[in-house]
Amino acid sequence: MRFAPSPTGALHLGSLRTALFNWLAARASGGAFLLRIEDTDQGRYVPGSEAQILESLRWLGLQWDEGPEVGGPYDPYIQSLRTGTYREHGERLVQAGAAYWCTCTPERLAEMRDQQRKAGHPTRYDRRCLARQDEVARERAEGMPAVLRQRMPGGVSRWDDLIRGEVSFDNADVDDSVLLKSDGFPTYHLANVVDDHLMGVTHVIRAEEWIPSTPKHLALYAALWPEQAPPRFAHVPIVLGEDRNKLSKRRGARNVLEYRDMGYLPAALANAMALLGWSSGTEDEVFTLPELVERFDIARVNAAPAVFDPKRLDALQGLHVRRLAPNELDEMLAPWLPQATAEQRRQLVPLLQERIVRLADAADLAAPLLGDAPWEEGVQFPPKKVDTQTAAQLLDAAVEAVESGALDDVTALRERLTTMLDECGVKARDGFRVLYIAILGRPVGVPVFDAMAFLGRDVTLQRLRAARAMLDNAWREP
RNA sequence: GCCCCGUUCGUCUAGUGGUCCAGGACACCGCCCUCUCAAGGCGGAGAUCAUCGGUUCAAAUCCGAUACGGGGUACCA
C-alpha cells in the first residue's frame, strides 16, 4: 500500500484520509506502508510542503515503512530523482508499440478538442503524429519539442475495484495521454505505474478522481509487464465540505497542522477521518489508531462521497480527551499551560479533563487560576436573583471563613455557605455565582471551591475582598 | 459536449431478499444529576430508503430508465 502525495501544498483532510486508509490497510494486513513524493510538476512545486506533509503524517502517527528519510529497498522515493527510470520505460513502450512521439502544438490540440466537443465526440488526441512517425523523428532531431504519448489500445478495460466492484470503460473514450513531457519529466500516469511496479506495490488506494485514468494505467501495466497481474485498485470517495463541494483551501478547509495547532488530538482527528466513509459494522465509533487497525477493512469503505462535519470531530475529540489517563493529559497539556508548574498542572488536570474539547480550551479555563482574573466584559454583579445585601453577607462570611483556615476543607466551607444562603432565601446555585465572579471573573468555569483551594488563602482573600469592595462602591453611587 | 462514479434522518452511517412501517452516532430539544460550566444518565423529534417501472409470494436490499449530485475530460496530480 502506498501514499503518494505531490508536494504542491500542505496536507489537507482529503489527502489525509487517503493516507490514513492506506496506512490502516497496510497495518491491518501486515503489509508495508510506502510513502513516495510525486514531484514531477515543476510548475506547481511548493517549497517546504514536502516537509510539512511528512510532519503531518508523523504527528498523526502514520509512520511509513519505506520512503523519504527512512529509505528502503527501492530508494529514492522521490520521483524527481528517478527521471532516468521513467525515460527507459518510455523507450520500452515505444518499442512495444504502446507509445509514440508527438510534436503537436498546444494550439493545435486545443482547436482539435474544441471541434470534437462541438461534434459531440469524446475529446481525445487524433493520432496525427502516430501516422507520421518518421517525420516526427526528424523534427525531434532538429530540436522540436516533443512529448511521448501512450497509444491506448482498443477494447474494454475493466477491473474489480475493492470499493466499487466491477468498473469498466470503453477504451475508445480514453485519450492517448502524455507520458513524458517535453521538459523530460514524466506525467503521473507513467511515473506512478513504473514506480508502483518497481516498488512492489500490491494495492493502490487512491482518491476517486483517479477512476477515469485507471484504464490508462492498466494498459501501461499490460504493455510493460504482460506476464504479471496489475495491482488491485481501491478508489476512495472524495471528502466534501459543508457546501457539498470538494474540500478546498479557498472554502476554509484547514490543513492537518492547523488542527494540531488548535489542540486536537491526533487520535481524535484520525478517528473522525476514518469514520468518513468507513464504519466498523458495530455500534462502536470511538477508536484509537491501534483499535482502528484491528477493525479496518478497505472493502467496508463506502463508495459515496462524505461531508466532513467539524462538530463530529469535536464530539470525538471530547471523548478521546476524557479517555486519556490523567498523566497522559497532563503531559499533553504542558505546551498549552507554559506558566504552570508541574505540580499546578497535576492539580488542574482533574478540573479540566471533563471541560475541554480542544487542548487550547485548557488555557482559557485555567487562565484565572494561573494569572489575574479580570472581570469579563459586561458581567452582571451581583448576579440575577441575588440582592446586594445577600451578596455582601456571603462574601463577608467567605472572607471570615477563609481567614480562619476553611480552605483546608472546602466541602465543609461549601456546606456552611449553602446554609447561610438558605437562611437568606437564596438558592445556592444562584448565590454561588457571586463567588464565581469574584474568583474567576465570570459566572462559569472550573468548580469555584476547588479554584479557591488551588489559589490558596492569600489570592482567594484578595479576590473576595475586591469583589466585596465593588458592592460598597455600588452602594455609594446608586 | 463526451465518459465514469454515486444517491438510507440536517450530517456520518448500519443494513447484501423476509427478523426494518429502517438501527446507531453527531447536531437539536426536554428531563434527571448538580456550586456554575461541562461531563454523565434518560427520553423526544427527525428518513414515504432520489423518482418511476420491472423481477419476486416478499425489495432499502436484484434489474432498467429518469432525475439530481460529484469526478474526469491538461505537456496538474
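Computed from a predicted model, the values in this text were never measured in an experiment. Throughout, protein chains are lettered first and strands after them, A, B, ... in sequence-line order, and every chain is numbered starting at 1.
Checking C26(B), A77(B), G6(B) against every side-chain atom of D309(A), the shortest atom distance belongs to C26(B). The side chain of E283(A) sits closest to G23(B) out of C3(B), G23(B), C75(B). Counting only heavy atoms from C-beta on, Y188(A) has its side chain closest to A77(B) among G1(B), A77(B), G10(B).
Heavy atoms of E38(A) sit under 4.0 angstrom from primed sugar atoms or phosphate atoms, though from no base atom. Within the 4.0 angstrom heavy-atom criterion, base atoms lie near S182(A).
Distance alone, capped at 3.5 Å, places no donor-acceptor pair between the D430(A) side chain and the V426(A) backbone.
The residue among L313(A) and I163(A) whose nearest nucleotide of RNA chain B is located toward the 5' end is I163(A). With the nearest nucleotide of RNA chain B identified for both V167(A) and T282(A), V167(A) has the one nearer the 5' end.
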What are the atom names and distances for every N/O pair under 3.5 Å that joins the protein to nucleotides 48-52 of chain B?
none

Would you tabulate the nitrogen or oxygen pairs shorter than 3.5 Å linking the protein to nucleotides 65-72 of chain B?
none

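In this structure, L179(A) atom CG and A74(B) atom C1' are separated by 14 Å, rounded to whole Å. We find that CG of L275(A) is positioned 16 Å from P of U11(B), with the value rounded to whole Å. Distance OH (Y45(A)) to P (C75(B)): 24 Å, rounded to an integer number of Å. Rounded to whole Å, the distance from CG on L316(A) to P on A27(B) is 10 Å. Note: NZ (K181(A)) to C1' (C75(B)) measures 7 Å, nearest angstrom. Going from atom CZ of R108(A) over to atom C1' of A74(B) covers 16 Å, rounded to whole Å. Between K216(A) atom NZ and A77(B) atom P there is a gap of 11 Å when expressed in whole angstrom units. Between the C1' atom of A25(B) and the CG atom of D284(A) lies a distance of 11 Å, rounded to the nearest Å.
Put simply, CD on E400(A) and CG on L461(A) are 11.5 Å apart, with the number rounded to the nearest 0.5 Å. Atom CG of L421(A) is separated from atom CZ of R429(A) by 13.0 Å, given to the nearest 0.5 angstrom. Taking CZ from R323(A) and CG from L265(A), the interatomic distance works out to 11.5 Å, rounded to the nearest 0.5 Å. Put simply, OG1 on T103(A) and CD on E139(A) are 3.5 Å apart, with the number rounded to the nearest 0.5 Å.
Ring geometry, Y259(A) versus F308(A): the interplanar angle exceeds 60°, so the pair is classed perpendicular (tilted spans 30 to 60°).
The gap from the P atom of C20(B) to that of C26(B) amounts to 23 Å, rounded to the nearest Å. Annotation: A45(B) and U61(B) have their P atoms spaced 26 Å apart (nearest Å). One C1' atom belongs to G70(B), the other to G30(B), and the distance between them is 39 Å to the nearest Å. Of the P atoms belonging to G18(B) and A65(B), the separation is 26 Å, rounded to the nearest Å. Rounded to the nearest Å, the gap between the P atom of C2(B) and that of C63(B) is 25 Å. Between A74(B) and A27(B), the two C1' atoms lie 42 Å apart (nearest whole Å).
Pairing for G64(B) is with C52(B), a Watson-Crick or G-U wobble pair whose two hydrogen-bonding atom distances lie under 3.5 Å. When Watson-Crick and G-U wobble pairs are counted only if both distances are under 3.5 Å, C57(B) pairs with G18(B). When Watson-Crick and G-U wobble pairs are counted only if both distances are under 3.5 Å, C75(B) pairs with no nucleotide at all. Look at G40(B): its Watson-Crick or wobble partner, with both distances under 3.5 angstrom, is C32(B). Searching all strands for a Watson-Crick or G-U wobble partner of G69(B) with both distances below 3.5 Å returns C5(B).
The distance between the ring centers of W210(A) and F233(A) does not fall below 6.0 angstrom. When ring centroids are compared, Y86(A) and F185(A) stay outside the 6.0 Å threshold. For an aromatic pair to be called close, the ring centres must be under 6.0 Å apart, and W278(A) with F296(A) satisfies this.
Looking at L316(A), D314(A), L359(A), V321(A) one by one, the single match for side-chain contact (heavy atoms from CB on, under 4.5 Å) with Y264(A) turns out to be D314(A).
Within 6.0 Å of CD in E328(A) there are more than 12 heavy atoms belonging to other residues, nucleotides or ligands. By the neighbour-count criterion of 12 heavy atoms within 6.0 Å, atom CZ of R151(A) is sparsely surrounded, having that number or fewer from other residues, nucleotides or ligands.
W101(A) does not carry R149(A) over the face of its six-membered ring by the limits of under 6.0 Å from the centre and within 45° of the normal. Annotation: cation-pi pair R36(A)/F3(A) absent, no NZ/CZ under 6.0 Å from the ring centroid and within 45° of its normal.
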What is the per-nucleotide protein-contact pattern of nucleotides 34-44 of chain B, from the 5' end, where B denotes a base atom under 4.0 Å from a protein heavy atom, S denotes such proximity for sugar-phosphate atoms only, and - denotes neither?
-> BBBBBSS----
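Within the 4.0 Å cut-off from OP1 or OP2 of G15(B), at least one side-chain nitrogen or oxygen of R300(A) is found. Phosphate proximity of C3(B) to N171(A): absent, as no side-chain N or O sits under 4.0 Å from OP1 or OP2.
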